[in-house]
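Encoded as structure tokens, the structure appears first; notes follow it.
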Amino acid sequence: MAAKTKKTPEKKRRVNFVYQSQEAIEVFVVGDFNQWSETSHAMKKASNGEWKKTVMLEPGTYEYKFLVDGQWKNDPANADCCDNAFGTTNSRIQID
């Protein structure tokens, strides 16, 4: 009888997403880690205009965007982008 091996899940990491906008009314971080849900990861605004959200992610590569008052925005603090199916780009992050 063959020995059974148990696949242990990768340890999740805290990932802090930050978007800077004094003028924005609502900001969400949206990506393949939340099936591109436009409502599941609302960000909180600090008094300095920084919108923040911490997400627990397993190691891997993820694509994401910010949804700022209904407008899709790439992460201006992250130069790593990739093409998407809509003819624009997504921000990309690698979690080790």
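Just so it is clear, the values below take in all heavy atoms, side chains as well, and ignore hydrogens, waters and symmetry mates.
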List in chain and number order the residues that pass side chain to side chain contact (heavy atoms under 4.5 Å, CB included) with Val18, two or more places apart in sequence or in another chain; answer none if no residue qualifies. Glu50, Lys52

The ring pair (Phe, Tyr, Trp, His ring centres under 6.0 Å) partner of Phe66 among Trp51, Trp72, Tyr19 is Tyr19

Donor-acceptor contact below 3.5 Å, side chain Gln22 vs main chain Asn48: yes

Quick one: do Phe28 and Phe33 end up in the same hydrophobic cluster if we chain Ile, Leu, Val, Met, Phe, Trp and Tyr together by side-chain heavy atoms under 4.5 Å apart? no

Are Met43 and Val30 linked, directly or through other ILVMFWY residues, by side chains that come within less than 4.5 angstrom of each other?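 In one cluster: no.
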
Walk me through whether Lys65 and Asn74 qualify under side chain to side chain contact (heavy atoms under 4.5 Å, CB included). CA-CA 5 Å; Lys65 282 192 153 183; Asn74 280 0; 2.8 Å; yes

Is there side-chain contact between Val15 and Met56, with heavy atoms separated by less than 4.5 Å? no

Lys45 versus Val27: any side-chain heavy-atom pair under 4.5 Å? no

Could you tell me whether the side chains of [X] and [Y] share a donor-acceptor contact shorter than 3.5 Å?
X     : Y     : result
Asp80 : Ser91 : no
Thr89 : Asp83 : no
Tyr64 : Asp75 : yes

If you look at every heavy atom in Lys53 and His41, which pair is closest and at what distance?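 Heavy-atom minimum between the residues: CE-CD2, 3.8 Å.
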
For residues Arg92 and Cys81, report the shortest heavy-atom separation together with the two atoms involved.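 Of all heavy-atom pairs spanning Arg92 and Cys81, the closest is NH2-O, 3.4 Å.
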
Any chance you could measure [X], atom [atom1], to [Y], atom [atom2], to the nearest 0.5 Å?
X     : Y     : atom1 : atom2 : result
Thr61 : Gln94 : OG1   : CD    : 3.5 Å
Leu57 : Arg13 : CG    : CZ    : 10.5 Å
Ile95 : Lys12 : CD1   : NZ    : 12.5 Å

For side chain to side chain contact (heavy atoms under 4.5 Å, CB included), just list the numbers for Trp36 and Asn90, CA-CA rounded to whole Å, side-chain angles, deciding distance to a tenth of an Å, and then say yes or no. CA-CA 12 Å; Trp36 296 95; Asn90 295 333; 3.7 Å; yes

